[in-house]
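Each chain gets a letter, A, B and so on, in the order its sequence line appears, and its residues count up from 1. Just the heavy atoms: all of them, side chains too, but no hydrogens, waters or symmetry mates, feed the values below.
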Amino acid sequence: MHIQHSDADPEAPTTDRLLRGLNAEQLAAVTLPARPALILAGAGSGKTRVLTTRIAWLLQTGQVSPGGLMAVTFTNKASKEMQARLSAMLPINVRGMWIGTFHGLCNRFLRAHWKLAGLPQGFQILDTADSLSAVKRIIKAMQLDEERFVPKQVSWFIAGAKEDGLRAKDVEIHDGQTQKLAEIYKAYEDQCLREGVVDFAELLLRAYELMRDNEALREHYRHRFQHILVDEFQDTNRLQYAWLKMFAGPHGAVFAVGDDDQSIYGFRGALVGNMADFEREFHVDKVIKLEQNYRSFGNILDAANHLIDRNSKRLGKNLRTDQGPGEPVRIFESTSDFAEAQWFLEEAQQLHRSGTARSEIAVLYRSNAQSRVIESALFNAGIPYRVYGGLRFFERAEVKHALSYLRLIENPNDDTSFLRVVNFPTRGIGARTIELLQDSARQTGRSLFQSVGSVAGKGGSNLAQFTGLIERMQQATRGLTLRDIIEHMLAETGLIDFYRADKEGADRVENLEELMNAAEAFVTQEGFGRDAVALPVDELSPGTLASRNTSRDVPGIQLDAPVTPDAETGEIMSPLAAFLTHASLEAGDNQAQAGQDAIQLMTIHSAKGLEFDSVFITGLEEGLFPHENSLQSNDGLEEERRLMYVAITRARKRLYLSFSQTRLLHGQTRYNVKSRFVEELPEANVRWLTPRNQAFGSGYAREYKSAWERGTGLGSMIGAGRVESSPVPKAMQDSRSATSSSGQQLRQGQSVFHNKFGEGVIVTLEGAGEEARAQVNFGRHGMKWLALSVAKLTPVD
DNA sequence: TGCCTGAATTTTTTT
DNA sequence: AATTCAGGCA
């Protein structure tokens, strides 16, 4: 069965409204025939619009029914946005459609076929922290050295193996170490299965394997999903790509949208190469490029284009805009991270006074540690701000405790949850007791909960009380609403009282109350569990997988899920189980100070996909950005450059770049050289707010610093133009100074020139006379120790 | 059991 | 600098 493209006339009046306003490339992409397609969508080129319009167009022209397409994203946010936009375009129920994250869709798939997948019906999902603690338990149980098998690394190894599609038996053994790692992996696998839990990577791998090994199922789904759309394709890892191929089949109409220039997740396994592979393996005959940018002004876009052009491995793409040049990109050099923050503060205030909303001002930085100075500047000035990142709602300790109790009510054999709360709040169950319990459980191959009876003594009776508590709660919460279940649990376990008694527990009590609200919202608003409820009812009722989208039946495939146990609601899982799944899969927004007009602070990674009127990229220093750990390989550097590209293209109207000569990091002062990325921008689109120095430590910057330290306002300094350099104060020429071989006076923080290494900054000076040595930061050439009697260092001013 | 001290440890992050 | 974590001790 092949749908003819000519069936759908893009000019038909019904689709006219949908397609209005699209440019030529967008229109071409949206109305492509049902064949594999690759869309190279530059930043700000209307990628999401193309994706959603494509879906709407396919539906409206009758080429596919809502059940016959699947749309995959990486984040919940992206999938929600897609659903929201789609339901605004068409009067359809988006809920039952297969639009979601890789993990969400896999969850849905495995819920429907739990038996075939070899999972317990009510399997729960481990988040990263849960999975780490499971690994820790294994390492302890196997009596391995935690120095040699660092739990985090082991956990990373297991996830990495899964993402390469490898089971424990498939892991390549090179030496004793990998041998042991494979054993740990195996034990971990067994443990997860025993406890009825899966980790994130497992969701994907298991779904992939089930499709691979079950031909009837594979045929069914390949036939069913006539269209598969993938967002952010450049971020797919090996397993995700294999998964897509499995669902699509060799000729499936996969509509992949991505931007190789925005691939910034290589460090966690994303393979940009998947784009080229896809083009080749699916025989994509024409790649459509969306190069018209609707976001930024010309100077910003030119700067971005020029910068990214330095990367070697590119599919090739150049963004253009009709918006005119706009403001130049402004660059500021400061003496310290503190001064940089103050400068930002002044500029941001200025922007705000001239009409920019605070929420349209963003500060982007490479690493989280950089936010602190900026935060404190904003805090002291009393300006509202919001920091992204950090602990999210469902990851907070008190919330995790509460969730663990809930999971035990649902499944008492969940050892991870058992251990988390067995003695919290404390009930006299110590480490020794737990050890005995674990030994017994290990010997009999049962869960901790099941083994409680085998521990005698005081610890044993305390344990019995604990299991009694869980059993009582199981009874008492039967039939209650989700909110009431949680309320009951919080009271019964003493959790809420514990935090009420704690004089610093007010926030935690609030979060627990918030948990009840979240549960209630989950039940009412969401109609609970779009992801958790396996399939829309229409697919379940016949008891086979044949759906109305397929022209022929696929006999013999029974759904694993009991068919509609609750006639009224069609519920397949209990609301509690569904809510727990939701909590794992969707960690919840970070503290959303919603409603406040606040300045936005975030890492560049978390800024991806967002846009702001004014963007400040701070800390543009060698070692920080590009980060020193990335410089080992050229690939690493190119990824950093793409990161810079992403950062630049977040800005609509104004872009500010700043770097600092000095930065307090991890408790010590670092002397940095300005980032190469600053130099890689075209002169024509840039304006320096400070004189463009040939090197650091210019007279201007020193004068600037001393003016600042005297308390002179920065704003006045900016307009003041170049200030003549002043001699270095006598006080600074003490122990921190030395004389170079050429007889020049050197001091800490001094910019110097070396014939081989180029420009650098003196970080440390030691010894005197013949013994004098200097540690110099040469930026891209790294940090060097030089003997001053030998090395020729010329001060630069 | 819980409190204290010392040591380590710091790229980027979603699910 | 700040936070987390393990281990020792009362």
Within the stacking criterion (centroid distance below 5.5 Å, interplanar angle below 30°), does [X] stack on [N]?
X: A:His627; N: B:dT11; result: yes
X: A:His666; N: B:dT10; result: yes
X: A:Phe267; N: B:dT12; result: yes

Return the value, rounded to whole Å, for the distance between atom [atom1] of [X] and atom [atom2] of [N].
X: A:Arg641; N: B:dT12; atom1: CZ; atom2: C1'; value: 17 Å
X: A:Leu631; N: B:dT12; atom1: CG; atom2: C1'; value: 14 Å
X: A:Glu628; N: B:dT10; atom1: CD; atom2: C1'; value: 11 Å
X: A:Tyr388; N: B:dT12; atom1: OH; atom2: C1'; value: 18 Å
X: A:Leu364; N: B:dT13; atom1: CG; atom2: P; value: 12 Å
X: A:Tyr208; N: B:dT15; atom1: OH; atom2: C1'; value: 20 Å
X: A:Leu643; N: B:dT12; atom1: CG; atom2: P; value: 11 Å
X: A:Arg268; N: B:dT12; atom1: CZ; atom2: C1'; value: 9 Å

Exercise. Between the side chain of A:His605 and the main-chain N/O of A:Ile264, is any donor-acceptor distance below 3.5 Å?
Worked result: yes

Of all the choices, [options], which nucleotide is nearest to the side chain of [X] once you look at every atom?
X: A:Ser367; options: B:dT13, B:dT12, B:dT15; result: B:dT12
X: A:His103; options: B:dT15, C:dA6, B:dT1; result: B:dT15
X: A:Arg392; options: B:dT11, B:dT15, B:dT13; result: B:dT15
X: A:Arg372; options: B:dT12, C:dA6, C:dA2; result: C:dA2
X: A:Thr426; options: B:dG2, B:dT15, C:dA6; result: B:dG2

Problem set entry | CZ/A:Arg137: more than 12 non-hydrogen atoms of other groups inside 6.0 Å | yes

Problem set entry | A:Phe379 atom CZ, neighbour heavy-atom count above 12 within 6.0 Å | no

Exercise. Quick one: on DNA chain B, does A:Gly428 or A:Thr128 contact a more 5' nucleotide (nearest heavy atom)?
Worked result: A:Gly428

For this session: By nearest nucleotide on DNA chain B, pick out whichever of A:Arg366 and A:Glu395 is the more 5' one.
Result: A:Arg366

Sugar-phosphate, base or nothing in reach of [X], heavy atoms under 4.0 Å:
X: A:Asn368; answer: sugar-phosphate
X: A:Asn423; answer: sugar-phosphate
X: A:Tyr265; answer: sugar-phosphate

For this session: Examine B:dT14: is either OP1 or OP2 under 4.0 Å from a nitrogen or oxygen in the side chain of A:Asn237? Give yes or no.
Result: no

Exercise. Between A:Phe394 and A:Arg396, is there a cation-pi geometry (under 6.0 Å to ring centre, at most 45° from the normal)?
Worked result: no

Exercise. Is the distance between the ring centroids of A:Phe498 and A:Phe424 under 6.0 Å?
Worked result: yes

Seminar exercise, completed: In A:Tyr241, A:Phe109, A:Tyr208, the residue satisfying ring pair (Phe, Tyr, Trp, His ring centres under 6.0 Å) with A:Phe247 is A:Phe109

For this session: Would you state whether a donor and an acceptor, one from the side chain of A:Ser630 and one from the base of B:dT12, lie under 3.5 Å apart?
Result: no

